[in-house]
Amino acid sequence: METIRLTLHEHWSPPSPSVMALGTFDGLHIGHQEILSQGKAEAKRRGVPFAVFLCDPHPRQVLGIGAEYDVLLTPLPEKLRLLEHYGADLVYILMFTREVAAVAPEQFVLDLLLPLAPEALVAGFDYTFGAGGKGDAALLKAMGETRALPVWILPPVNRYGEKVSSSLIRERLRYGEVKLVRELLGRPYALTGRVVKGEGRGIGIGFPTANLQLNDPFLIPGTGVYLVRAFWGMEKGPGVMNIGVRPTFYDRGTLSLEVHLLDHRVDLYGEEMRVEFLDYLRPEQRFDSVDRLVAQIEQDVCTARNLWRTAQGDE
């Protein structure tokens, strides 16, 4: 997959025609995947590449709309990995700035989209563009019609009476509802980072952990204990992950991400690790003794093994 970074004042050499999907695509959930699927199918029918046009950083980050967008469901490296998985041949990344945010909607189409030679455009029903987000799907479709440029606008995808959206997924993740999030994403939610040295408490109580330092500004699920699937090097396996402040040891601890691998005792310091969230086990708790903590961890491991065996049987 090729990636091309664009700026507002860049003069592009004429690119190859493509079918182009438009969106922010934070999360790349099942609604986004419908857009990508239709775009990919149309590109195949026309015999041209399938391209995706997106902005980075997230416009809300640049404009300061909602502090929660300082963290993302899919930071750019994760987004590009997933876009390739979902069949994109080319990704145009417009470097989003306040100057880009001030471009009128019509000029956004004329100066930024049309020079990329799209043969057709695909977007979601709530796609907005241009100054103040005043450009919408209706305007995009109307501008396409005057230029014989097909524009497909896809309706929302709903689950349990709600529109599937990045906002809904963010909310559910904060409550630790990773099984529901898996359904909304069409895959487990995942974090990626590097294993760093911790304080060694896990080893001391018989449950060594890999302490994860995130590579990118991922949204971290709510505090608690989770069943996860970890990937490192060429290996993978189940684990129990604690997200929290370790209240048994600290009154005011800093947030930590610790993975106890169920079947591995190898030294992973410095390794890249990807962690997929499969199930929520329990909230983080404060115990009045280390012995009580150890007993609970033993129970967590037993629960995780049973859930893992069930999950493997279902796949």
Side-chain angles (χ1 to χ4, degrees), residues 24-30 32 56-58 61 67-86 166-198 202 207-246 253-262 264 266 268-284 300 304 307-308 311:
T24 303
F25 298 115
D26 185 33
L28 281 166
H29 54 64
I30 56 176
H32 294 146
D56 187 76
H58 194 294
Q61 287 179 301
E68 69 270 22
Y69 282 88
D70 288 340
V71 290
L72 300 169
L73 299 172
T74 49
L76 187 59
E78 175 74 354
K79 188 178 297 184
L80 293 176
R81 185 188 72 82
L82 289 168
L83 285 172
E84 184 170 26
H85 173 74
Y86 292 129
S166 300
S167 297
L168 174 62
I169 293 168
R170 285 169 170 271
E171 177 188 326
R172 295 301 94 197
L173 273 177
R174 290 192 173 97
Y175 287 103
E177 297 179 18
V178 294
K179 290 184 75 173
L180 174 59
V181 165
R182 180 176 186 171
E183 186 175 344
L184 301 180
L185 290 176
R187 63 181 189 279
Y189 184 67
L191 303 175
T192 303
R194 183 175 296 276
V195 178
V196 298
K197 284 189 176 294
F207 294 95
T209 60
N211 297 273
L212 199 63
Q213 183 177 80
L214 299 182
N215 293 340
D216 297 293
F218 285 92
L219 188 154
I220 299 172
T223 58
V225 181
Y226 297 85
L227 168 65
V228 299
R229 176 166 45 211
F231 300 80
W232 67 97
M234 301 299 291
E235 301 286 332
K236 66 179 180 180
V240 173
M241 183 171 195
N242 184 79
I243 298 178
V245 296
R246 296 169 290 182
T254 57
L255 190 71
S256 65
L257 310 174
E258 299 177 302
V259 183
H260 170 65
L261 299 171
L262 299 189
H264 294 80
V266 294
L268 297 177
Y269 293 136
E271 291 266 12
E272 291 288 316
M273 178 178 283
R274 177 180 179 82
V275 177
E276 295 181 343
F277 290 83
L278 304 182
D279 211 336
Y280 178 82
L281 302 184
R282 63 172 175 85
E284 186 178 44
D300 294 338
L307 288 171
W308 176 256

>> Run the side chain to side chain contact (heavy atoms under 4.5 Å, CB included) test on Trp308 and Arg229 for me, step by step, so that the C-alpha distance in whole Å, both residues' side-chain angles and the decisive distance to 0.1 Å come before the verdict.
In response: CA-CA 9 Å; Trp308 176 256; Arg229 176 166 45 211; 3.8 Å; yes
>> Applying side chain to side chain contact (heavy atoms under 4.5 Å, CB included) to Arg170 and Leu72, what does each step give before you reach the verdict?
In response: CA-CA 9 Å; Arg170 285 169 170 271; Leu72 300 169; 3.7 Å; yes
> Backbone N or O of Thr24 within a donor-acceptor pair of the Lys79 side chain at under 3.5 Å?
Replying inline: yes
> If only atom types and distance count, is the side chain of Ser256 paired as donor or acceptor with the main-chain N or O of Gly244 below 3.5 Å?
Replying inline: yes
>> Quick check: closest heavy atoms across Ile220 and Ile243, and the distance to 0.1 Å?
In response: CG2-CG2, 3.8 Å
>> Tell me the closest heavy-atom pair linking Glu171 and Tyr175, and the distance in Å.
In response: O-CD1, 3.2 Å
>> I need the minimum non-hydrogen distance between Gly233 and Glu271, along with the two atoms involved.
In response: N-OE1, 4.1 Å
>> Testing the basics here: between Arg187 and Thr74, what is the closest heavy-atom pair and its distance to 0.1 Å?
In response: NH2-CG2, 4.1 Å
>> Is the ring pair His58/Tyr69 parallel, tilted or perpendicular, if the boundaries are 30 and 60 degrees?
In response: tilted
>> Return the CG to CH2 distance between Leu261 and Trp232, rounded to the nearest 0.5 Å.
In response: 4.5 Å
> Looking at CG of Leu191 and CG of Leu214, how far apart are the two atoms once the value is rounded to the nearest 0.5 Å?
Replying inline: 5.5 Å
>> For Tyr226 versus Val178, what's the shortest heavy-atom pair and its separation?
In response: CE2-CG1, 3.7 Å
>> Quick check against the 3.5 Å criterion: does Thr209 have a side-chain atom that pairs as donor or acceptor with the backbone of Glu258?
In response: no
>> Working to the nearest 0.5 angstrom, can you tell me the gap between Tyr280 OH and Leu227 CG?
In response: 13.5 Å
> Just how far is it from atom CD of Gln213 to atom OG1 of Thr192, taken to the nearest 0.5 Å?
Replying inline: 13.5 Å
> Taking all atoms of both residues into account, what is the closest heavy-atom pair of His32 and Gly27, and its distance?
Replying inline: ND1-C, 4.3 Å
> What do the steps show when you test Glu276 against Arg274 for side chain to side chain contact (heavy atoms under 4.5 Å, CB included), and what is the final call?
Replying inline: CA-CA 7 Å; Glu276 295 181 343; Arg274 177 180 179 82; 4.1 Å; yes
>> One thing to verify: whether Arg81 and Glu78 come together as a salt bridge, which I'm taking to mean a side-chain N less than 4.0 angstrom from a carboxylate O.
In response: yes
> What's the spacing between Leu307 CG and Leu281 CG if we round to 0.5 Å?
Replying inline: 6.5 Å
> Atom CG of Leu185 and atom CG of Leu173: how far apart are they, to the nearest 0.5 Å?
Replying inline: 7.5 Å
> Do side-chain atoms of Arg174 reach the backbone of Gly222 as a donor and acceptor pair under 3.5 angstrom?
Replying inline: no
